[in-house]
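Labels below follow one simple rule: chain letters A, B, ... track the order of the sequence lines, proteins then strands, and each chain is numbered from 1.
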Amino acid sequence: MKLNYRIVIFAFAIVFGLFFSLPSILQTQDGKKITLGLDLQGGLHMLLGVKTEEAVKSRIKSIAASVKYYSEKEEILIDSLSFDESSISFLLLDKDDLKKIKSFLHEIKGAVVVATGESISLTLTPEEIARTEEQAISQAIETIRNRLDQFGLTEPIVARQGEEKILVQLAGIKTAEDEQRARELISRSAKLELMAVDEDRNARVNSMSNSDAVSYGDVILEDVTNPHMKYLVREIPILDGGMLTDANVGFDQNNRPLITFKLNAEGAQIFGDFTAKSVGKRLAVVLDGKVYSAPVINERIGGGSGQISGNYTVMEAKDLSIALRSGSLLAPIYLMEKRSVGPSLGADSIKASMIALIGGFALVIGFMVVYYRMAGIISNIALIVNILIILSVMSLFGATLTLPGMAGIVLTVGMAVDANVIINERIRELLHQGYSIQKAIEEGYANAMRAILDANITTLIAAVVLYAYGTGAIKGFAVTISIGILASMLTAILGTHGIYEMLQNRIQKSKNNLFWFGIKG
Amino acid sequence: MEFFRQTSAMNFMGKSKIAMILSIIMVLSSLAILSLKGLNYGVDFAGGTIVQVKYKGDAPIDMMREKLSTNQIFEGASITEFGSADEVVIRMRTTSSDVVVDVGDVTKAALVGTGEFEIRRVDIVGPKVGSELKEKGLMSLILAVAGILIYVAFRFEWRFALSSVLALVHDVSIALGAIALVGLEVNLDVLAALLTILGYSLNDTIIVFDRIREGITNTRDGEFGDIINESITSTLSRTTLTSLTTLFVVFTLFIWGGEIIHAFAFTLLVGIVVGTYSSIFVASPTLLTLGFDVKKYHVNLSAKAAREAEKERMRSQFESGVM
């Protein structure tokens, strides 16, 4: 027995492999563990898209609201304020105000203002539209992340994928109800608007068509609890959710849950001004296009806070307040891809692949011992350490083990012995040619080396491409294959060589090729 | 134990004509099957929805069909048993983009009253994502082959690269043909299996090529065909053994790995058999056909060595200041 640098490195590899893989294998409390993919532990994977054109539309709408507010505040007379997908227009009644309104409009970012006679129009530049769309996506990611963080799941993943997609992965969702709640929370636009009821015409709302309403600059909205109850409200809101700073669950005098909200300073100012001059009129609290309540304004409301009452449960009120607090979605989101796996299926998948892994492993190990005797046992040691290293590296880097990843490990078992088979065959060949055992081992490794390297590098190329182009589970497969190949270089080439070197004296003394290499002579 | 103890080389190249004919027949019939039957793209690539349902007791498939037929969303939906009698998979081309209520939820609602069941999996892949995955999948196959081509050309010689890639095309075509023949659903996992075959079959080919390269360097004169025969003979033991051990594990995956991994395992099973065959009977004969010249290779080799030596001489002269 003698020590050599190979066996020392291999010993380190064994210790490393055991130390970092045991937490995952034994499922202990401490230590880094391999994360199981959604396909193995159950969960929800979604790829979401953002309807960015809606964000541009709502940007236009909010510019219109601010024009209206400004003109009223500065007592500028305007008429026929209207907007479409990308522009707003209105008539200026008093030419003397042109300079004033123009300087206000020019302050709006990315706007092109055209004034011809008394008609004034404002359009957004293409750059501004692109910026708004981009903002809608990044804001959606931020908002969804905030909401999910407060939902109480362990480590939800919300990430941008490609140019315009949002990846959402929620592990550990156990029931269909939980999944439903999460999906509602994510997709809720949570757009709060405070809108003035058109008291002059509201009485006629039931006999009015949508286009009638539009011609008055109004819009017909339904009551949230009773769809037959309709309100005619001014299309341009007094306030939208952008000025909201906080939202919480509160309770009314009958102990029913409601949501309280706070506005920022600017919002509070606008809200105060409006309520002051609208006493006796109604204010509709509109959430996601539905009227929650329409109380009559009794006096000026300062302080910038309000409440949304509705017929909801405590849980719904809580989710709604989370959604409001995390900000509204500038644009609605839609589903591009969804994969949901129930926990029981995940457990079944683990069981099936474990059986396959252990079965395949046992066959290979048995075969190697029968075929190569001692050399086979040495190869098997390398193989086991190889698997430990794969598990260790995966838990250290926080890589995810997926079902194809499991298949990757199974496959690595098959392919990792390849290096040993090549080496053992070379050694046998040299022994047949009459080389001494020491020489045969040395030459065998030297000859086998080049082939193993070339073969492994090409497989690695395929794995890297798979990783770069693959998605989700396929990436997991590429990761396990790559780690497996690299680990096999360490265990199958370096490790086994070290063991032979250590045992060299014994091998030479015994001169029993049948025992050591499974061949006669 | 020993499988092969061949002292004299077996004449593989002598049988290369028969092998060539066999290969051409197999590849052509694969292509014919592919163009006639086409690949059965699963939801990953074609877009659509899969709902996996597990019942307490046997799945009432007829009742399910009846229930689903009342809603137009499920037009053309297929219901098939999945692994066992109590588990079924519903496949449809329909997708939906609503985050809160999707096709899976509609399916669940439609199945109410068919017995006690649990929805185990819902996969919805929108058409845009599907075609993107298809594009990416094809791209990854092409890139992998290109990467391998460059590497082999660099490490060996261009004829070796061309031969190995030809063998790869051969393997992948036959594997695809087999997939089309049994009507296997092509999903991302099957693509992963195809790429694994690529790596695996190449592994085999490279091992043989390495021996050939060694043979060329060691024997100055000698027929190229003889060198190939010797090389294949001496690696035969390894090729068979590795194929066997890999087959063991893939076979266990195929038998016990469960329904989900079934397509993956099947593809690998075919690939390993074809890949082993091709490294012996396709890659090497192609090398011979492409007219690899041993003598020329040696001339090139020695010229290269001379160039290196010259460079080295210049460098040492330059470094010692003698120019």
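Among the residues in residues 89-98 of chain B, those with a non-hydrogen atom closer than 4.5 angstrom to a non-hydrogen atom of chain A are B:Ser96, B:Ser97, B:Asp98.
Cation-pi geometry between A:Lys475 and A:Tyr467 is met: under 6.0 angstrom from the ring centre, within 45 degrees of the axis. In this structure, B:Lys56 fails the cation-pi test against B:Phe117, since its NZ or CZ atom is not both closer than 6.0 Å to the six-membered ring centre and inside 45 degrees of the ring normal.
Proximity to chain B is absent for every atom of A:Phe517, based on heavy atoms less than 4.5 angstrom apart. Looking at B:Val152, only its side chain comes within 4.5 Å of chain A, counting heavy atoms on both sides. Using a 4.5 Å cut-off between heavy atoms, A:Val417 contacts chain B through its side chain alone, with no backbone atom that close. In this structure, chain B has no heavy atom under 4.5 Å from any part of A:Met354. With a 4.5 angstrom heavy-atom cutoff, A:Leu48 touches chain B only via side-chain atoms. Neither the backbone nor the side chain of A:Arg373 comes within contact range of chain B, judged by heavy atoms closer than 4.5 Å. Within the 4.5 angstrom heavy-atom criterion, atoms from both the backbone and the side chain of B:Arg120 approach chain A. Heavy atoms of A:Leu363 lying under 4.5 Å from chain B belong to its backbone as well as its side chain. Proximity to chain B (any heavy atom under 4.5 Å) is restricted, for A:Phe367, to the side chain, taken from C-beta onward. In this structure, chain B has heavy atoms under 4.5 Å from both the backbone and the side chain of A:Ile333. Neither the backbone nor the side chain of A:Asn424 comes within less than 4.5 Å of any heavy atom in chain B. Residue contact with chain B, scored on non-hydrogen atoms closer than 4.5 Å, involves the side chain of A:Ile457 exclusively. Only the side chain of A:Lys165 comes within less than 4.5 Å of a heavy atom in chain B; its backbone stays farther off. For A:Glu184, the parts lying near chain B are the backbone and the side chain together; criterion is any non-hydrogen pair under 4.5 Å.
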CA sep, side-chain torsions, deciding dist, call: A:Thr402, A:Asp39, side-chain hydrogen bond (donor to acceptor under 3.5 Å, both in side chains):
CA-CA 6 Å; A:Thr402 58; A:Asp39 51 352; 4.7 Å; no

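Among B:Val125, B:Thr246, B:Asn203, B:Val101, the residue with the largest count of heavy-atom pairs under 4.5 Å with chain A is B:Asn203. Contact count against chain A (heavy-atom pairs under 4.5 Å) is highest for B:Leu188 among B:Val43, B:Leu188, B:Ile148, B:Thr205. Between chain A and the residues B:Val129, B:Ile255, B:Ile119, the largest count of heavy-atom pairs under 4.5 Å involves B:Val129. Of the listed residues A:Arg428, A:Arg188, A:Glu179, A:Arg426, the one with more heavy-atom pairs under 4.5 angstrom with chain B than any other is A:Arg426. For the set B:Thr239, B:Val250, B:Ile206, the count of heavy-atom pairs under 4.5 angstrom toward chain A peaks at B:Ile206. Contacts with chain A were tallied for B:Val208, B:Thr235, B:Thr49, B:Ile261; B:Ile261 has the most, counting heavy-atom pairs under 4.5 Å. Your options are B:Leu253, B:Leu241, B:Leu143, and the one with the most heavy-atom pairs under 4.5 Å with chain A is B:Leu241.
Ion pairing between a basic and an acidic side chain is recognised when a charged N comes within 4.0 Å of a carboxylate O; B:Asp210 and B:Arg213 show such pairing.
By the 30° and 60° cut-offs, the orientation of the rings of B:Phe264 relative to A:Phe477 is perpendicular.
The minimum heavy-atom distance linking A:Glu425 with B:Ser237 is given by the pair OE1-OG, 2.8 Å.
No hydrogens or angles considered: a donor-acceptor pair under 3.5 Å links the side chains of A:His432 and B:Glu2.
More than 12 heavy atoms of other residues, nucleotides or ligands shown are found within 6.0 angstrom of CH2 on A:Trp516. Counting heavy atoms of neighbouring residues, nucleotides and ligands inside a 6.0 Å radius, atom CD of A:Glu54 exceeds 12 of them.
Between B:Phe156 and B:Tyr151, a ring centre-to-centre spacing not shorter than 6.0 Å is recorded.
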